[in-house]
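Here the structure is laid out as structure tokens; the discussion comes afterwards.
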Number of protein chains: 2
Amino acid sequence: MNLKDLSALLGLSQTTVSRALNGYPEVSEATRQRVAAAAEKYSYRPNTRAKSLATGRSMAIGHVIPISAQHEMVNPVFGDFIAGAGEAYAAAGYDMVLSLVQDSHEERVYRDMFAKGNVDGIVVHAPEMHDPRIALLQDIGLPFAVHGRASDVPTPYNWLDVNNKSAFQRATGFLLDLGHKRIGLLNGLETMDFAHRRRAGYVEALQTRGIAVDKALMRSEEMTENYGYQAVCEMMKLPDPPTAYLVSSMIPAIGIRRAIHDAGLKMGQDISVITHDDDLSYLRNGDDVPLFTATRSSVREAGRQLARILIDQISNPGKVPQTKLFEAELTVGRSTGPNVGAR
Amino acid sequence: MNLKDLSALLGLSQTTVSRALNGYPEVSEATRQRVAAAAEKYSYRPNTRAKSLATGRSMAIGHVIPISAQHEMVNPVFGDFIAGAGEAYAAAGYDMVLSLVQDSHEERVYRDMFAKGNVDGIVVHAPEMHDPRIALLQDIGLPFAVHGRASDVPTPYNWLDVNNKSAFQRATGFLLDLGHKRIGLLNGLETMDFAHRRRAGYVEALQTRGIAVDKALMRSEEMTENYGYQAVCEMMKLPDPPTAYLVSSMIPAIGIRRAIHDAGLKMGQDISVITHDDDLSYLRNGDDVPLFTATRSSVREAGRQLARILIDQISNPGKVPQTKLFEAELTVGRSTGPNVGAR
DNA sequence: GTGAAAGCGCTAACAA
DNA sequence: TTGTTAGCGCTTTCAC
């Protein structure tokens with residue numbers, strides 16, 4: 001069932017039927033009713049391709065998801081973010097098209113998306129400090145919004161981010177309050193904007209308290225489970241090992257647990273660890289100290305909001321870019337002691 | 001830069017240019033060279049919408065991802081599956097469009113996808129025992145492939161699945177070999193096909209050894225962390241509690257760990273647990289017993305293969321449906337004792 | 001308030 | 001081997 005068939009059935013022109021369906025004012029109320037009824041009855045769905053060819057808008061948003069080159073893995077938070085974004089798109093009548101790439105900088109991917117005309121806008125994931133994609137997209141004039149930020153990019157653009165710096169500042173402060181003086185930082189790759197900011201928060205918290213920053217206690221690598229395991233194992237062997245760890249998400253927590261276990265220590269007793277995990281409400285009665293930089297549901301909400309920002313930008317091309325900063329939750333569990341593992 | 005511009009530039013008709021670009025045989029080699037060079041030079045990209053309007057094929061595959069209604073969460077394995085599928089699509093020139101729905105049975109979603117003509121095929125995720133979507137898709141004539149199976153659906157269709165039954169049979173057998181007689185099963189919702197099969201494997205293993213199947217030791221719910229925690233806590237309070245647990249993935253392992261910890265027991269010492277987790281190669285020197293029903297990389301490979309099957313089906317509409325069964329890996333770690341926790 | 005006709009960018013008969 | 005033409009299904013001037 002296409003427009004032609006439907007209008008023939010109604011004894012109207014395609015024009016009128018199209019207008020009736022798209023809410024144009026010049027069509028009479030009676031006609032609109034008839035058309036709507038018929039469309040419903042025959043469950044008419046306008047062909048997206050034809051529509052977008054005619055209008056020039058594709059009613060689709062592209063997400064370019066970077067895949068870790070070495071480890072070929074997808075960051076699990078994308079799932080939740082995408083779910084939120086998908087909701088917003090569905091509500092606004094947009095489709096979501098996904099493109100997974102090894103090297104997210106592949107200029108071609110973005111240029112092609114634009115040239116092939118199958119998206120009206122793009123969500124940029126996992127930005128680096130000076131991410132070239134932003135200038136690129138501005139250059140080719142494709143609307144976009146960034147999940148995160150690229151701190152070294154001076155021009156304004158749409159972004160939505162979690163306040164990574166303050167989250168890590170507070171978390172470090174919390175460990176310092178417990179009396180810890182040697183705190184291991186397990187961070188992601190610090191070319192990534194979020195990791196850079198997290199480190200800044202950690203460093204600033206230490207400096208504020210006059211604690212020396214020890215490079216031996218700071219690691220920055222791709223967030224694999226094995227990295228977490230190895231890093232903790234190695235730090236444990238230092239002459240003066242950390243008494244606490246601050247673990248950047250999403251480094252899988254299980255590697256940390258195991259390393260601590262291997263060292264013959266008990267988490268939350270011999271050693272303090274602040275990490276991230278989802279749905280840990282009952283942890284509040286446990287002995288861990290979880291840091292929620294972003295819960296699953298808040299990531300979802302972020303997806304929703306960023307999608308809305310982008311859709312808004314597409315609808316109002318002239319509008320000034322919007323930004324949104326989420327303050328990360330820091331939820332603290334009951335520790336086995338007030339001063340766990342601190343010397 | 002569109003076909004018209006490009007052909008004008010070359011002093012050729014749109015037809016010739018189109019043919020040259022699409023590898024039709026009748027165009028002369030010299031012309032083809034010229035056209036290719038020009039297309040490259042001006043980085044011409046045919047407009048996907050126009051192309052698919054003309055051809056009737058949209059060169060896109062739809063993935064309809066169910067979201068847990070109660071918990072609004074996305075199964076993290078989708079990320080890896082999608083990554084694999086994305087690879088295959090990219091290689092074949094297809095786009096991937098994602099649609100996240102609360103109720104995956106929403107017939108409308110599928111019908112609309114077809115009617116709106118923006119996908120040439122669909123991947124069905126998370127099938128239930130008698131999943132109505134299969135009949136629906138066959139009815140509307142939209143090519144599809146299922147990630148998993150719907151055992152109660154008799155007609156042939158494309159699917160790719162992990163051998164869930166044998167995996168759980170072997171895992172249960174392994175625990176029985178250790179001497180366990182009371183094995184708790186934490187399963188997903190058994191309306192889901194994979195969970196049903198897993199249970200069947202568990203039950204069959206017990207029956208083969210003449211061990212009574214105790215309903216009190218079998219749980220089936222949505223795979224949240226809290227469910228895992230609660231279920232284990234409750235089973236622990238039984239007069240004759242399990243000495244081992246078999247945990248269906250992706251029930252977050254952390255809930256299980258905590259419940260066992262709360263009960264004052266030590267995993268791999270007082271109690272045996274077979275669960276699933278990724279990238280646990282070093283676990284082989286640990287005290288856990290991991291069951292790999294599907295590693296992250298094998299999920300990825302599954303995505304790749306299922307995508308290929310679907311693309312093949314789209315290209316050869318008459319072809320008989322293809323199926324593929326992956327045998328799950330069962331990797332066993334070193335236990336602290338040969339007979340951990342068994343009575 | 002409604003309709004005829006052109007055109008979005010491409011492909012695919014049909015001619016030449 | 002190349003070009004002419006019609007049309008994919010829709011929107012959108014423009015005319016009535």
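Computation of the quantities below employed the complete heavy-atom set of this structure, encompassing side-chain atoms and omitting hydrogens, waters and symmetry-equivalent molecules. Per chain, numbering begins at 1; letters A, B, ... match sequence-line order.
When the C1' atoms of four end pairs are superposed on the next four at each end of the helix from C:dG1-D:dC16 to C:dA16-D:dT1, using five pairs per end, the two resulting axes differ in direction by 40°, to 10°.
Put simply, CG on B:Leu137 and CZ on B:Phe114 are 10.0 Å apart, with the number rounded to the nearest 0.5 Å.
The base of C:dA4 sits with one of its N or O atoms less than 3.5 Å from a complementary donor or acceptor on the side chain of A:Thr15.
Looking only at atom types and distance, the side chain of B:Thr55 has no donor-acceptor partner in the side chain of B:Ser52 under 3.5 Å away. Side-chain contact annotation: A:Ser58 with A:Asn118, donor-acceptor N/O pair under 3.5 Å absent.
The nucleotide whose nearest atom lies closest to any side-chain atom of A:Ala54 is, among D:dT11, C:dT11, D:dT1, D:dT11. Checked against C:dT11, D:dG3, D:dT11, the side chain of B:Leu12 finds its nearest nucleotide in D:dG3. Nearest nucleotide to the A:Thr31 side chain, out of C:dC10, C:dT2, D:dG9: C:dT2. For B:Ser13, whose side chain is taken as the heavy atoms from C-beta onward, the closest listed nucleotide among D:dT2, C:dT2, D:dG3 is D:dG3. When distances are taken from the side chain of A:Ser18 to each of D:dT11, D:dC8, C:dT2, the shortest belongs to D:dT11.
Phosphate contact (OP1/OP2 of D:dC8, side-chain N/O of A:Asn47, threshold under 4.0 Å): absent. Residue A:Tyr44 has a polar side-chain atom (N or O) positioned under 4.0 Å from OP1 or OP2 of D:dC10. Between C:dG1 and A:Tyr24, no contact under 4.0 Å exists linking OP1 or OP2 to a side-chain N or O. Residue B:Lys4 has no polar side-chain atom (N or O) positioned under 4.0 Å from OP1 or OP2 of C:dC10. Checking the phosphate oxygens (OP1, OP2) of D:dC8, no side-chain nitrogen or oxygen of A:Asn2 falls inside 4.0 Å. Within the structure, every side-chain polar atom (N or O) of B:Lys51 is placed at least 4.0 Å from both OP1 and OP2 of C:dG9. Put simply, B:Thr55 has no side-chain N or O that comes within less than 4.0 Å of OP1 or OP2 on C:dT11.
For the pair A:Leu3 CG and D:dG7 P, the interatomic distance rounds to 18 Å; values are reported in whole Å. Here the C1' atom of nucleotide C:dC8 and the CG atom of A:Asp120 are 15 Å apart, to the nearest Å. Rounded to a whole Å, the CD atom of B:Gln14 is 16 Å from the C1' atom of C:dA13. In this structure, A:Lys116 atom NZ and C:dC8 atom C1' are separated by 19 Å, rounded to whole Å.
A centroid separation of less than 6.0 Å is found between the aromatic rings of B:His63 and B:Tyr89.
Taking all atoms of both residues into account, the shortest heavy-atom contact from A:Ala88 to A:Arg308 is CB-CG, 4.2 Å.
The residue A:Ser52 sits apart from the nucleic acid: no heavy atom pair falls under 4.0 Å.
Of the possible polar contacts, none joining the A:Asp152 side chain to the A:Asp131 backbone as a donor-acceptor pair under 3.5 Å is found. At least one donor-acceptor pair closer than 3.5 Å links the side chain of B:Tyr157 to the backbone N or O of B:Ala150.
Each of A:Lys319, A:Lys324, A:Gln313 was scored for a side chain to side chain donor-acceptor pair (under 3.5 Å) with A:Asn158, with one residue passing: A:Gln313.
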Given the rule in the ring pair (Phe, Tyr, Trp, His ring centres under 6.0 Å) test, do B:His125 and B:Phe81 qualify, once you have shown the distances and angles that lead to the verdict?
-> CA-CA 10 Å; B:His125 287 279; B:Phe81 187 86; 5.3 Å; yes
N/O contacts under 3.5 Å, protein versus nucleotides 14-16 of chain D?
none

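Checked for salt-bridge contact, A:Asp193 and A:Arg149 miss the test: no charged N lies under 4.0 Å from a carboxylate O.
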